[in-house]
2 protein chains.
Amino acid sequence: MYQRKIPIDYNCGLSVAMEVVGSKWKFCLLDEIHKGIKRPKDLVLAINGISKRVLQNQLRELELHGLLAKTIYTEIPLRVEYYLTETGVSLLPLIVALDKWGMNFAPQLKTILENESFETQM
Amino acid sequence: MYQRKIPIDYNCGLSVAMEVVGSKWKFCLLDEIHKGIKRPKDLVLAINGISKRVLQNQLRELELHGLLAKTIYTEIPLRVEYYLTETGVSLLPLIVALDKWGMNFAPQLKTILENESFETQM
DNA sequence: ATCAATGGTGATTAATTTATCACTACATGA
DNA sequence: TCATGTAGTGATAAATTAATCACCATTGAT
């Protein structure tokens, strides 16, 4: 993994939160896993645009940070299921709220960004 | 500004939210402005580690996305004050909750990351 | 022996975000 | 004219995150 050069500010809750969860896919991942999609291969299918490699990286970080854990079933073919730890679960209300907020905001953002590129064209 | 190559998924609330607010400083910024620190020069002082240039960029994006607006007082020296729009205000409960969560999680993260680098050394 | 299915890693590049530094502009007072 | 304080921009480099592609391991069936 990458060894960061600019340190985290542990005294700012927002910094800490962003560190573990502020990346392109992590909220989505936690959300999907909570909704019941637990296996890597299913997550790749469920999450539009994520690649297998990126998924694995994010899962590993979430696991390392203690938001996820996994169970390995020694079946054939191999089955691995991820689940939210207590810490992970404690984030759920926030994820739900943020998702709702984003859905609400989407049209506004779309309009803004479309006008943006329109003006840039002229 | 940067012209993104990988498009936003407007159907995922979390993607949308991350787009406007998922960057290193934006939550902090909204938080500080809400708390009453409104002028760029004061924000630079208040937010540990942010530079003037970066601050201006983030303010401009938040303004463009409609979370912030500003009032320009034609005094000498010039005074500009930012404030949260209605949309910005609608994010406050989330910011507060995330900050709280992060504060709570900080010790755990610290421990994990310290053990990390210890193991890497051996 | 070879293939399929699944989970996983390594090396590298591309995309994106942050940081740095040097500027402009404005109006005032020394 | 020149310095001061504030807000802001431009160009560029550095840091970080995400994407790509090729690989390994396991087990069982063909």
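We name chains A, B, ... by the order of the sequence lines, and we start the count at 1 in each one. Every heavy atom of this structure was used, including side-chain atoms; hydrogens, water molecules and symmetry mates were not.
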*Scan Lys26(B) against the nucleic acid and name what it touches under 4.0 Å (heavy atoms): base, sugar-phosphate only, or nothing.*
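The residue Lys26(B) makes no contact with any strand.
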Calculate the interatomic distance between [X] atom [atom1] and [N] atom [atom2]; express it in whole Å.
X: Arg79(A); N: dT27(D); atom1: CZ; atom2: P; value: 17 Å
X: Leu55(B); N: dT9(D); atom1: CG; atom2: P; value: 12 Å
X: Leu43(B); N: dG8(D); atom1: CG; atom2: C1'; value: 14 Å
X: Lys41(B); N: dG8(D); atom1: NZ; atom2: P; value: 14 Å
X: Gln56(A); N: dT17(D); atom1: CD; atom2: P; value: 19 Å
X: Glu75(A); N: dT27(D); atom1: CD; atom2: C1'; value: 13 Å

Using side-chain heavy atoms (C-beta onward) and a distance below 4.5 Å, is [X] in contact with [Y]?
X: Glu63(A); Y: Lys70(A); answer: yes
X: Leu45(A); Y: Leu43(A); answer: no
X: Phe27(A); Y: Ser15(B); answer: no
X: Met103(A); Y: Asn11(B); answer: no

Pairwise N/O distances under 3.5 Å, protein to nucleotides 18-21 of chain D:
residue: dA18(D); atom: OP1; partner: Lys24(A); partner atom: N; Å: 2.6
residue: dA19(D); atom: OP1; partner: Lys24(A); partner atom: NZ; Å: 2.9
residue: dA19(D); atom: OP2; partner: Trp25(A); partner atom: NE1; Å: 2.8

*Mark yes or no for whether Asp99(A), through its side chain, and Gly13(B), through its backbone, hold a donor-acceptor pair below 3.5 Å.*
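Side chain of Asp99(A) to backbone of Gly13(B): a pair is present.
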*Report whether Val54(A) and Leu64(A) are members of the same hydrophobic cluster (ILVMFWY, side-chain heavy atoms less than 4.5 Å apart, transitive linking).*
yes
*Could you check Leu78(B) against Lys5(B) and say which one's nearest nucleotide on DNA chain C is further toward the 5' end?*
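Taking each residue's closest nucleotide, the earlier one in sequence belongs to Lys5(B).
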_5′-ward residue of the pair Tyr82(B)/Glu19(A) relative to DNA chain D_ =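 Counting from the 5' end, the first nearest nucleotide belongs to Tyr82(B).
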*Which residue pairs pass the salt bridge (Lys or Arg N to Asp or Glu O under 4.0 Å) test with at least one member in residues 9-33 of chain B, sequence neighbours excluded?*
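For residues 9-33 of chain B: Arg4(B)-Glu19(B), Lys26(B)-Glu61(B), Asp31(B)-Lys35(B).
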*Kindly compute the distance separating CD (Gln56(A)) from NZ (Lys52(A)), expressed to the nearest 0.5 Å.*
7.0 Å
*Tell me whether the OP1 or OP2 atom of dT16(D) has a side-chain N or O from Arg4(A) closer than 4.0 Å.*
yes
*Within 45° of the ring axis of Tyr10(A) and under 6.0 Å from its six-membered ring centre, is that where the NZ or CZ of Lys110(B) lies?*
yes
*First-last contacting nucleotides on DNA chain C - partner chain B, under 4.0 angstrom, heavy atom*: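 The contact span of chain B on DNA chain C goes from dA15(C) to dT28(C).
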